[in-house]
Novice: 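Sharing a structure with you now.
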Amino acid sequence: MPPIENVTLLGADGKLGSAILHALLSANYTVTILKRQSSKSPDSYPTHVTVKTFPDDLEPHALASALEGQHALIASIKGSQTVIQQRLAQACLTSKVQHFIPADFGSCDSSTALTQELVPLYKRKAELRAYLQDLATQHPEFSWTSLVCGHFFDWSLEFVHLWPAEHRADILDDGETRFSMSTLSRVAEATVRVLQRPAETRNRMLYVQSFCVTQKEIIAAYEAVMGREWEVVAFESGKFRDEQKAKAEAGDAGANEELVWYLGTVDANWRSREDFAMKLLGLEDEDLREAVQGVVESG
Ligand SMILES: NC(=O)c1ccc[n+]([C@@H]2O[C@H](COP(=O)([O-])OP(=O)(O)OC[C@H]3O[C@@H](n4cnc5c(N)ncnc54)[C@H](OP(=O)(O)O)[C@@H]3O)[C@@H](O)[C@H]2O)c1
């Protein structure tokens with residue numbers, strides 16, 4: 001296999017996608033941005049980045065043609081968008097793209113029965129991985145790697161029940177459960193490390209983190225950086241889960257997000273997972289307080 005040099009990124013305008021684009025360019029990859037024809041995102045990329053489009057109906061020849069000459073494809077679109085990822089994986093085979101990183105990047109561990117039962121999105125992510133593994137088994141020249149990173153640390157803070165402007169937060173139980181979280185730049189860095197280690201990372205779901213912390217430690221870090229005590233409201237985790245599950249089953253999309261918060265908080269200590277890949281990828285934990293400082297300074 002040739003080393004990975006030419007990399008196509010789908011979803012470069014998303015919050016995570018823009019961090020991945022930055023990391024790819026910093027690591028000197030030759031980057032192509034792939035967009036659907038109906039994309040409304042502005043084409044404001046560095047001049048040495050190529051932009052290619054594909055028809056929204058995902059016509060196979062057009063997809064394959066857009067991927068010609070590429071060594072790797074990264075999808076950073078919504079994890080629920082699995083059909084397009086399947087079609088792109090097929091196009092990778094046609095165009096001999098050797099490595100595919102799907103839009104996993106999960107808050108939660110989509111390989112567990114509990115996660116798949118509570119949040120249907122994670123069942124779809126697991127099904128996509130099974131699909132990619134089937135392709136990789138049938139076509140050994142093709143491989144995939146997916147990354148599980150825990151809740152994003154510096155993305156929607158409300159999603160993880162932190163409201164710095166109001167100096168308040170919610171916790172589950174006593175807030176002492178340890179869970180992994182990742183900054184967007186850490187996820188992007190880990191993505192680049194996967195491309196740099198295609199043999200070691202092929203056909204694996206790998207767990208990465210910025211740090212493995214408790215809710216209490218996060219709140220204490222915000223209090224220290226902001227110089228003010230926070231108001232904290234505690235929820236009993238089992239009761240919270242059952243209430244949100246009932247709401248989600250009644251069609252409440254917000255409740256699904258609450259279940260993701262729950263899972264990514266009570267069952268997301270990646271250090272105990274067999275495929276915890278910090279060492280493999282040559283990554284070290286980041287400093288919680290510095291990460292909080294960065295979030296506070298960025299407003
Ligand atoms: N761990 C966490 O806390 C966490 C949180 C959020 C997301 N994630 C994960 O991060 C990844 C990225 O998610 P995201 O929410 O950042 O994505 P996103 O912002 O919703 O989408 C990123 C880009 O995808 C493109 N896109 C949307 N629909 C498309 C389609 N049908 N065909 C082609 N391109 C399409 C859009 O570009 P155009 O409009 O220009 O086409 C958009 O800029 C996913 O794997 C998601 O599961 C993880």
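In each ligand, atom 1 is the first atom listed, and ligand 1 is the first ligand listed.
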Novice: Hey, is atom 14 (P) of ligand 1 under 4.0 Å from any protein heavy atom?
Specialist: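 Answer no: nothing from the protein, no heavy atom, is under 4.0 Å.
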Novice: Based purely on interatomic distance, does Lys125 place a nitrogen or oxygen under 3.5 Å from a nitrogen or oxygen of ligand 1?
Specialist: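 Lys125 vs ligand 1: N/O contact under 3.5 Å present.
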Novice: Tell me the protein heavy atom at minimum distance from atom 20 (O) of ligand 1, and give that distance in Å.
Specialist: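 Here the closest protein heavy atom is Lys78 NZ, 2.6 Å.
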Novice: Hey, what do you get for CZ (Phe100) to CG (Leu132), rounding to the nearest 0.5 Å?
Specialist: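 Taking CZ in Phe100 and CG in Leu132, the distance rounds to 6.0 Å.
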Novice: His151 versus ligand 1: do any nitrogen or oxygen atoms come within less than 3.5 Å of each other?
Specialist: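 Min N/O separation from ligand 1 is not below 3.5 Å for His151.
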Novice: For ligand 1, which atoms, with element, lie under 4.0 Å from some heavy atom of Gly14?
Specialist: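 Those of ligand 1 that fall under 4.0 Å from Gly14 are 19 (O), 22 (C), 43 (O).
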Novice: Under 4.0 Å from a heavy atom of Trp155: give me the atoms of ligand 1 that qualify, with their elements.
Specialist: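 Heavy-atom distances to Trp155 below 4.0 Å select 5 (C), 6 (C).
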Novice: Out of Phe54, Phe152, Phe153, Phe159, whose heavy atom sits nearest atom 3 (O) of ligand 1?
Specialist: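 That would be Phe152.
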Novice: Does ligand 1 come near enough to Gln81 that some N or O of the ligand is less than 3.5 Å from an N or O of the residue?
Specialist: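 By distance alone, the answer is yes.
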Novice: Quick check: Leu10 and ligand 1, any N/O pair under 3.5 Å apart?
Specialist: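 No, Leu10 has no N/O under 3.5 Å of an N/O on ligand 1.
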Novice: Just jot down the ligand 1 atoms closer than 4.0 angstrom to any heavy atom of Gly79, in number order.
Specialist: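 Taking each heavy atom of Gly79 in turn, ligand 1 has 44 (C), 47 (O) under 4.0 Å.
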Novice: Do Asp43 and Lys35 meet the salt-bridge criterion of a basic N to acidic O distance under 4.0 Å?
Specialist: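 Salt bridge: yes.
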Novice: Hey, could you give me the NZ/CG distance between Lys52 and Leu63, rounded to the nearest 0.5 Å?
Specialist: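 Between Lys52 NZ and Leu63 CG, I get 12.0 Å after rounding to 0.5 Å.
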Novice: Measure from atom 32 (N) of ligand 1 to every heavy atom in Leu88, Leu184, Leu121, Ile84 and give the option owning the shortest one.
Specialist: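 Answer by nearest heavy atom: Ile84.
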Novice: Walk me through it: do Phe153 and Phe211 pass the test ring-ring contact (aromatic ring centres under 6.0 Å, His included)?
Specialist: CA-CA 10 Å; Phe153 187 78; Phe211 26 64; 5.1 Å; yes
Novice: Please determine which of Lys123, Arg124, Lys125 meets the salt bridge (Lys or Arg N to Asp or Glu O under 4.0 Å) test together with Glu127.
Specialist: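 Per the salt bridge (Lys or Arg N to Asp or Glu O under 4.0 Å) rule, the option paired with Glu127 is Lys123, out of Lys123, Arg124, Lys125.
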Novice: Would you mind finding which of Lys40, Gln85, Arg36 brings a heavy atom closest to atom 41 (O) of ligand 1?
Specialist: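 Answer by nearest heavy atom: Arg36.
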Novice: Check whether the ring centres of Trp144 and His99 lie less than 6.0 Å apart, and answer yes or no.
Specialist: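 No, too far apart.
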Novice: Atoms of ligand 1 less than 4.0 Å from Ser41 heavy atoms?
Specialist: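 Taking each heavy atom of Ser41 in turn, ligand 1 has 37 (O), 38 (P), 39 (O), 40 (O) under 4.0 Å.
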Novice: Name the closest protein heavy atom to atom 23 (C) of ligand 1, giving the residue it belongs to and the distance to 0.1 Å.
Specialist: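 That would be Gly11 CA, 3.6 Å.
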Novice: Cation-pi between Arg168 and Trp163: NZ/CZ under 6.0 Å from ring centre and within 45° of the ring axis?
Specialist: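 The answer is yes; both the distance and angle limits are met.
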Novice: Give me the nearest non-hydrogen protein atom to atom 11 (C) of ligand 1 as residue plus atom name, then the distance to 0.1 Å.
Specialist: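 Here the nearest protein heavy atom works out to Ile77 O, 3.6 Å.
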Novice: Checking contacts here: is it the side chain or the backbone of Asp104 that comes within 4.0 Å of ligand 1, counting heavy atoms only? Could be both or neither.
Specialist: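 The part of Asp104 near ligand 1 is the backbone, not the side chain.
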Novice: What do you reckon, is CD of Gln37 surrounded by more than 12 foreign heavy atoms closer than 6.0 Å?
Specialist: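 Enclosed.
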Novice: Nearest 0.5 Å, what's the CG-OG1 distance between Asp267 and Thr115?
Specialist: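 Rounded to the nearest 0.5 Å, the CG-OG1 separation comes to 5.5 Å.
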Novice: Using distance alone, decide if ligand 1 has a nitrogen or oxygen within less than 3.5 Å of any nitrogen or oxygen in Gly150.
Specialist: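 Indeed, backbone or side chain, Gly150 has an N or O that close.
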Novice: Identify, for atom 9 (C) of ligand 1, the protein heavy atom at the shortest distance, and state residue, atom and that distance.
Specialist: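 Here the closest protein heavy atom is Phe105 O, 3.8 Å.
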Novice: Using a 4.0 Å cutoff against the non-hydrogen atoms of Ser107, which atoms of ligand 1 qualify?
Specialist: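 Selected atoms, number and element: 1 (N), 2 (C), 3 (O).
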Novice: Before we go on, tell me: are the rings of Phe235 and Trp261 under 6.0 Å apart, centre to centre?
Specialist: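 No, they do not, as the ring centres are separated by 6.0 Å or more.
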Novice: Below 4.0 angstrom, N of the basic side chain to O of the carboxylate: do Lys245 and Glu249 qualify?
Specialist: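 Judged by the 4.0 Å cut-off on N to carboxylate O distance, Lys245 and Glu249 do form a salt bridge.
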Novice: Start with the C-alpha gap between Leu114 and Leu263, add the side-chain angles, then the distance that decides, and say whether side-chain contact (heavy atoms from CB on, under 4.5 Å) holds.
Specialist: CA-CA 9 Å; Leu114 175 67; Leu263 284 164; 3.8 Å; yes
Novice: At less than 4.0 angstrom from any non-hydrogen atom of Ser76, what atoms of ligand 1 do you find?
Specialist: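 Listed by number with element: 12 (C), 17 (O), 22 (C).
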